[in-house]
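Only heavy atoms go into these numbers, but all of them, side chains included; no hydrogens, no water, no symmetry mates. Sequential numbering from 1 along the given sequence is applied to the chain's residues.
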Amino acid sequence: STAILLYLSRKYNTPDHWYPSDIQKRAQVDEYLSWHHANIRANAPKTMWIKVLIPLFTGQPLPSEKLQEVMEGLSTSLKQFEERFLQDKAFIVGNEISLADLVAIVELMQPVGVGCDIFEDRPRLVEWRRRGEDAVGEGLFFQA
């Protein structure tokens, strides 16, 4: 998915903020996209599997300990995300949304969709999400 997003941003000459031409900003997007797979991506989608898909396929709910284990891993990743990538910035690369933010928010909405409030007690993430909604438009954000 990352490769196709980068391809599309280049092919259709999207606005610069999505995948900046500035080499330092682009490096920040690339850094996040590389980190994402082993951290946010490794944890967030598991909530859907544990709460919805495995019980649907097996007819049996998984023990709550499984979800707790995944939520602990996700919590660690969210803390790293806030401290390393967001810091005190509006978005990962600065004041404008980028592909890094888009990839992150899509993944983080999966736990929300199955009832895991990962934004609770994380005001920095709540504000970042709100800015993301505003940047792409609330209707499109929730449609996606």
Could you give all pairs that pass the salt bridge (Lys or Arg N to Asp or Glu O under 4.0 Å) test and reach residues 91-100, with sequence neighbours left out? none
Could you tell me whether the side chain of L125 reaches within less than 4.5 Å of the side chain of I118, counting heavy atoms only? no
Listing request: all ring-ring contact (aromatic ring centres under 6.0 Å, His included) pairs with a residue in residues 56-83, at least two apart in sequence or in separate chains. Y32-F81, F81-W128
More than 12 foreign heavy atoms under 6.0 Å from CH2 of W49: is that the case here? no
Is P55 close to Q60 at the side-chain level, that is, under 4.5 Å between some pair of heavy atoms? no
G73 to N43 - nearest heavy-atom pair and separation: O-ND2, 3.5 Å
Quick one: does L74's side chain get under 4.5 Å of P111's, heavy atoms only? yes
Linked, directly or transitively: V136 and L8 (ILVMFWY side chains, under 4.5 Å): no
Could you check whether atom OH of Y7 has more than 12 heavy atoms from other residues, nucleotides or ligands sitting under 6.0 Å from it? no
Evaluate the side-chain proximity of L33 to L6: yes if any heavy-atom separation is below 4.5 Å, no if none is. yes
Could you pull out all residues at least two apart from E83 that satisfy salt bridge (Lys or Arg N to Asp or Glu O under 4.0 Å)? K79
ring-ring contact (aromatic ring centres under 6.0 Å, His included): which pairs involve residues 101-124, sequence neighbours left out? none
Close side-chain approach of W18 to I97, heavy-atom, < 4.5 Å: yes
Show me the pairs that pass salt bridge (Lys or Arg N to Asp or Glu O under 4.0 Å) and involve residues 5-17, at least two apart or across chains. none
Got a sec, which residues hit side chain to side chain contact (heavy atoms under 4.5 Å, CB included) with S9, two or more places apart in sequence or on another chain? T14, Y19, L99
Any heavy-atom pair between the side chains of H17 and F91 that's under 4.5 Å? no
Counterpart residues, side chain to side chain contact (heavy atoms under 4.5 Å, CB included), relative to A90 (two or more places apart): N95, R131
Applied to residues 24-43, the salt bridge (Lys or Arg N to Asp or Glu O under 4.0 Å) test, sequence neighbours excluded, yields E31-R84, R41-E107
Any donor and acceptor pair, going by atom type alone, linking the side chain of R124 with main-chain N or O of D88 inside 3.5 Å? no
Pairwise distance CD1(I50) to CG(L62) - rounded to 0.5 angstrom: 6.5 Å
Measure the CD-OG distance between E69 and S64 for me, rounded to the nearest 0.5 Å. 11.5 Å
Applying side chain to side chain contact (heavy atoms under 4.5 Å, CB included) to H37 and T2, what does each step give before you reach the verdict? CA-CA 10 Å; H37 291 285; T2 299; 3.5 Å; yes
Partner residues of Q68 under the side chain to side chain contact (heavy atoms under 4.5 Å, CB included) criterion, sequence neighbours left out: E72
With sequence neighbours excluded, what pairs up with P63 under the side chain to side chain contact (heavy atoms under 4.5 Å, CB included) test? E65, K66
Does atom CD of Q87 have more than 12 heavy-atom neighbours, drawn from other residues, nucleotides or ligands, at distances under 6.0 Å? yes
If we only count heavy atoms from C-beta on, is the L67 to T47 side-chain gap below 4.5 Å? yes
Is the backbone N or O of V70 less than 3.5 Å from a side-chain atom of K46, with the two atoms forming a donor-acceptor pair by type? no
Using links of under 4.5 Å between side-chain heavy atoms of ILVMFWY residues, direct or through other members, which residues join I23 in one cluster? none
Does the side chain of R122 come within less than 4.5 Å of S75's, by heavy atoms? yes
Same apolar cluster: V112 and F142, side chain cutoff 4.5 Å: yes
Residue set satisfying salt bridge (Lys or Arg N to Asp or Glu O under 4.0 Å) with D134, at least two apart, ordered chain then number -> R130
Taking atom CD of Q110 and atom CD1 of I40, what is their separation to the nearest 0.5 Å? 11.5 Å
CG on L56 to CE on M48, rounded to 0.5 Å: 12.0 Å
Using atom types as modelled and distance alone, determine if a side-chain donor or acceptor of D101 lies under 3.5 Å from a backbone N or O of I92. yes
What pair of heavy atoms forms the shortest contact from C116 to K51, and how long is it? SG-CD, 3.7 Å
